[in-house]
> 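Quick one: the structure is below, and I'll ask about it shortly.
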Amino acid sequence: MKKIAWSFYILIFGCVQLFSQASLEKQIQTQMILAEDGSVIELQSGLIHLTKSLSMEGKKNITIKGMGIDKTILSFKNQSEGAEGIKITNCEHITLEDMTVQDSNGDLIKTMHVNGITMRRVKAEWTGKPSKNNGSYALYPVLCDNVLIDSCIAIGASDAGIYVGQSKNIVVKNCTAYHNVAGIEIENSLYAEVHHNTATNNTGGILIFDLPDLVQKKGGYVRVYDNLVKENNLKNFAPKGNIVGKVPKGTGVLVLATNHVEILSNQILNNKTSGVGIISYFMTENKIKDKDYYPYPSGIYIHDNNFERKHRRVPFAGRFAKIYWFKLKFGRDVPHIVYDGIVDKESLDADGNVKPENRICIRNNTNQSVGNMDAEHGFKNVSRDAKPFDCALNMIYMR
Amino acid sequence: MKSKKYLFLIILSTLVLLSSTKKELPELRIPSYKIKLSDYGFFEGKLSEQIPSSGVVPYALNAPLFSDYAYKLRFVSFPEAAAVIFNPDSVFQFPIGTALIKTFFYYQDERNVKKGRRLVETRVLLHEEKGWVALPYVWDDLQTEAYLEVAGATTQVTWRDHHGDKQTSDYLVPNMNQCKACHERNGVMTPIGPSARQLNGDFVYQDKPENQLQRWSQLNKLKVMPDDLQTLPKMANYEVSTNELDARARAYLDANCAHCHNISGPAQSSGLFLDWNIKDSTAYGFYKTPVAAGRGSGNLSYDIVPGKPNESILLYRMESLDPGVMMPELGRHRSHVEGIKLIKDWIKAMP
């Protein structure tokens with residue numbers, strides 16, 4: 001009898017719990033629809049199960065605030081509708097803070113066309129082991145202006161943990177990204193400051209990319225400083241087809257086809273393949289049909305960083321590693337900074353030298369070593385000569 | 001004795017829990033909008049019969065959006081004074097005061113429609129001074145009324161399909177934000193369907209079929225229209241297999257994808273644009289690499305690979321039912337078997 005009474009109790013309690021979760025979900029969604037401009041939506045503490053994407057659209061000056069990381073937990077584990085966990089579109093001045101968001105189908109928090117998006121003390125994660133079945137991006141502002149991502153944590157993204165795409169005026173600081181394919185990625189974005197973050201145990205730590213065929217064509221004016229980029233040696237688990245799937249494990253920082261990037265005073269430690277890679281889009285071996293796209297990285301300045309790496313060969317995985325093994329033949333003495341050496345003929349002056357503003361300058365790094373892959377000529381004249389890169393750039397960031 | 005104590009405990013705690021959850025139940029309706037569909041007066045007689053009042057005109061699209069095999073009734077309620085402004089390429093400019101009304105329903109049995117139908121949702125798009133607003137009304141079980149639900153709903157529907165097989169689906173009534181997830185151009189709420197190319201076709205009004213554009217024009221509800229309908233674009237009905245394959249496929253992609261996948265739509269960040277008039281083949285998906293697709297790429301490299309449907313991400317995402325992979329992202333719980341076959345045939349036939 002006692003047993004029956006208890007199971008009955010549990011049954012009723014369970015139903016009421018479910019009922020209350022469903023009404024809580026509806027309540028939060030309704031608040032996000034009806035919120036008046038300028039209001040604060042407070043989320044209670046505890047684990048909140050959601051079955052559909054939460055969406056906000058066309059609002060101004062709204063704060064969505066939980067009780068703290070791992071105190072207010074929005075779990076999308078049982079999501080049956082929508083790809084994103086939280087989706088915020090066409091808004092102005094939105095702040096998300098003090099919460100954990102978990103396990104959505106696609107991206108965890110996507111914001112699009114938001115002018116003024118702040119994510120502060122937000123943990124966005126896929127729980128469990130890193131998996132290709134995890135969603136693409138944990139924190140994902142795209143086509144936004146004035147982005148601030150501060151003191152956030154991103155874990156388990158099958159593309160990038162913190163990914164700012166096709167946006168302008170960006171600050172990513174004091175964040176931690178681990179167990180992602182890319183820890184932090186700035187893509188086709190202008191005026192970004194990435195500083196005081198920790199990117200560790202990802203496939204690639206910090207990526208600065210410009211890709212073709214997008215609405216915002218050109219990124220650049222990105223400054224990466226005072227970050228800890230450590231042991232990003234995780235096996236690449238991105239689904240194929242995505243460009244990030246081509247990033248070799250063991251990549252610290254990678255600049256792909258972006259212009260005006262300054263990388264300074266970072267700790268770049270024990271990334272097994274390269275500390276900093278500077279490559280053109282040609283290295284992806286994808287076709288380029290976008291006439292407005294500029295595939296070469298230029299105006300790159302890498303200085304005052306500290307590089308450390310164990311004396312060992314790069315991991316033998318993926319096409320890039322094969323290049324290292326069979327073409328570059330660096331053996332155990334792999335340079336910290338690797339450049340593909342593919343030069344835009346248009347950027348040369350009359351004497352055949354790269355014009356000053358387009359140069360790739362590397363100087364004053366601790367344990368500095370440079371490899372020019374000479375990919376343009378089939379890796380024939382691989383060079384370790386750092387002299388051609390010994391210059392300084394006057395980086396100007398307009399914001 | 002002990003069991004009585006437990007029973008008491010159960011009842012008590014249940015009551016406590018119920019009362020505490022009840023307090024949390026939010027107000028789900030916006031007082032400034034009509035709570036009941038009948039309040040608009042769009043229909044006369046029994047509401048479920050959907051007989052339009054005067055000033056309300058039924059219409060149909062040449063190539064409609066697939067929504068889990070739901071059927072749709074479409075109406076436009078014109079304001080008295082003003083008329084629609086014609087343009088050849090995009091959705092017409094409807095005057096303030098227009099309402100576009102769309103009722104989603106399922107026949108009990110597709111083989112015998114006389115057995116009746118179940119109305120699920122009526123979506124009203126109102127053109128107000130401040131712009132368009134989308135309001136979802138959910139039908140009650142008795143089919144006497146539909147009520148505004150700003151936060152949307154999920155309703156289970158069952159029907160017998162044209163083979164006589166029983167089908168069951170969770171039908172999603174989108175919330176107001178999700179309406180905009182499709183009905184958006186440059187951040188502004190806008191209708192998607194009623195354009196010249198979608199309306200340039202016959203509709204059976206009471207007794208006889210008549211071209212819809214001509215009808216609207218005769219009602220003085222459509223201004224400045226070319227005399228010769230032949231000069232106007234006309235979207236192919238993708239369900240008619242005798243229509244040309246390329247025209248059917250492009251009509252299908254335009255109707256089912258391009259409301260998001262266009263240069264000013266919500267999927268603009270992907271760079272994939274599937275409007276009927278896109279000339280750039282990369283933007284249309286040919287050998288286009290995915291952006292931010294995640295596992296939606298299905299380990300494939302390009303959106304469309306001519307001749308190879310199984311290597312085309314577009315088809316992979318149409319076939320999927322995984323919410324993190326499938327396209328469209330919303331309002332689909334089933335595969336559109338006929339649509340998938342069409343796109344497969346189309347890609348296969350490419351040189």
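Letters go in sequence order (proteins before strands), and every chain restarts at 1.
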> Assess whether side-chain hydrogen bond (donor to acceptor under 3.5 Å, both in side chains) is satisfied between B/Thr154 and A/Lys52, documenting all intermediate values.
CA-CA 10 Å; B/Thr154 306; A/Lys52 299 174 182 171; 2.9 Å; yes
> Go through the steps to decide whether A/Gln29 and B/Met176 satisfy the test side-chain contact (heavy atoms from CB on, under 4.5 Å), and finish with yes or no.
CA-CA 10 Å; A/Gln29 179 58 76; B/Met176 286 178 70; over 6 Å; no
> Go through B/Asn299, B/Asp170, B/Asp280 and name the one with the most non-hydrogen pairs under 4.5 angstrom from chain A.
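Among B/Asn299, B/Asp170, B/Asp280, the one with the most close pairs to chain A is B/Asn299.
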> Using modelled atom types only, decide if a donor and an acceptor are shared between the side chain of B/Arg295 and the backbone of A/Asn133 within a distance under 3.5 Å.
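It does hold such a pair.
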> Please state whether the side chain, the backbone, both or neither of A/Asp107 comes within less than 4.5 Å of a heavy atom of chain B.
neither
> About how many Å separate OG of B/Ser301 and CG of A/Asn286, when rounded to the nearest 0.5 Å?
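So the gap between those two atoms works out to 7.5 Å.
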> Can you name the closest pair of heavy atoms from A/Val142 and B/Ser269 and give their distance?
CG2-CB, 3.7 Å
> Ignoring hydrogens and angles, tell me if any N or O in the side chain of B/Ser297 forms a donor-acceptor pair with the backbone of A/Gly241 under 3.5 Å.
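Checking the backbone N and O of A/Gly241 against the side chain of B/Ser297, no donor-acceptor pair under 3.5 Å is found.
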> Taking all atoms of both residues into account, what is the closest heavy-atom pair of B/Asn177 and A/Glu57, and its distance?
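Here B/Asn177 and A/Glu57 meet closest at OD1-CB, 3.5 Å.
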> Taking the side chain as every heavy atom from C-beta outward, state whether B/Val291 and A/Leu214 have any atom pair closer than 4.5 Å.
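When only atoms from C-beta onward are counted, A/Leu214 and B/Val291 do touch, with a gap below 4.5 Å.
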> Under the criterion side-chain contact (heavy atoms from CB on, under 4.5 Å), I'd like the reasoning laid out for A/Lys87 against B/Gln178: C-alpha separation, chi angles, the key distance, then a yes or no.
CA-CA 10 Å; A/Lys87 187 173 184 180; B/Gln178 288 168 327; over 6 Å; no
> Please state whether the side chain, the backbone, both or neither of A/Asn105 comes within less than 4.5 Å of a heavy atom of chain B.
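Both the backbone and the side chain of A/Asn105 come within 4.5 Å of chain B.
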> Does the side-chain contact (heavy atoms from CB on, under 4.5 Å) test come out yes or no for A/Val215 and B/Phe273, once each step is laid out?
CA-CA 11 Å; A/Val215 177; B/Phe273 305 130; 4.0 Å; yes
> Could you tell me which portion of A/Thr51 (side chain, backbone, both or neither) has an atom closer than 4.5 angstrom to a non-hydrogen atom of chain B?
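The answer is neither part of A/Thr51.
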> Is B/Ala293 close to chain A through its backbone or its side chain, or both, or neither, when contacts mean heavy atoms under 4.5 Å?
both
> Checking A/Leu143 against chain B: side chain, backbone, both or neither under 4.5 Å from a heavy atom?
side chain
> Is B/Leu330 close to chain A through its backbone or its side chain, or both, or neither, when contacts mean heavy atoms under 4.5 Å?
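Interface part for B/Leu330: side chain.
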> Using a cut-off of under 4.5 Å for heavy-atom pairs, which of B/Pro290, B/Gly152, B/Gly296 has the most such pairs with chain A?
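Answer, by heavy-atom pair count under 4.5 Å with chain A: B/Pro290.
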> Considering non-hydrogen atoms only, spot the tightest contact between A/Thr30 and B/Ala151 and give its length.
OG1-CB, 3.5 Å
> Taking A/Glu81 for the side chain and B/Leu172 for the main chain, is one N or O donor matched with an acceptor at less than 3.5 Å?
no
> Is it true that, when you exclude A/Lys132 itself, more than 12 heavy atoms of the residues, nucleotides or ligands shown sit nearer than 6.0 Å to its NZ?
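Open.
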> Under the 6.0 Å and 45° cation-pi test, does A/Lys289 pair with B/Phe286?
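The answer is no; the distance or angle limit is not met.
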> Verify the distance criterion only: is there a donor paired with an acceptor across the side chains of A/His113 and B/Glu184 at less than 3.5 Å?
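No pair is found: no donor N or O on one side chain lies under 3.5 Å from an acceptor on the other.
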> Which residue out of B/Met326, B/Arg332, B/Met189, B/His333 racks up the most heavy-atom pairs below 4.5 Å with chain A?
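Heavy-atom pairs under 4.5 Å are most numerous for B/His333.
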> Which of these passes side chain to side chain contact (heavy atoms under 4.5 Å, CB included) with B/Gln268: A/Gln216, A/Met112, A/Gln166?
A/Met112
> Using side-chain heavy atoms (C-beta onward) and a distance below 4.5 Å, is A/Lys26 in contact with B/Glu149?
yes
> Checking heavy atoms, do the side chain of A/Gln31, its backbone, both or neither come under 4.5 Å from chain B?
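Neither the backbone nor the side chain of A/Gln31 comes within 4.5 Å of chain B.
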> Looking only at heavy atoms, what is the nearest atom pair of A/Ser80 and B/Pro323, with distance?
O-CG, 3.8 Å
> Checking B/Thr289 against chain A: side chain, backbone, both or neither under 4.5 Å from a heavy atom?
side chain
> For chain B, which of A/Asn242, A/Thr89, A/Asp159 has the most heavy-atom pairs under 4.5 Å?
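Option with the top pair count is A/Asn242.
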> Side chain of A/Asp213, backbone of B/Gly271: donor and acceptor closer than 3.5 Å?
no
> Between A/Glu25 and chain B, with a heavy-atom cut-off of 4.5 Å, which part of the residue counts as in contact: side chain, backbone, both or neither?
neither
> Would you please test A/Ile33 and B/Asn175 for side-chain contact (heavy atoms from CB on, under 4.5 Å) and show each step?
CA-CA 8 Å; A/Ile33 293 171; B/Asn175 70 44; 3.8 Å; yes
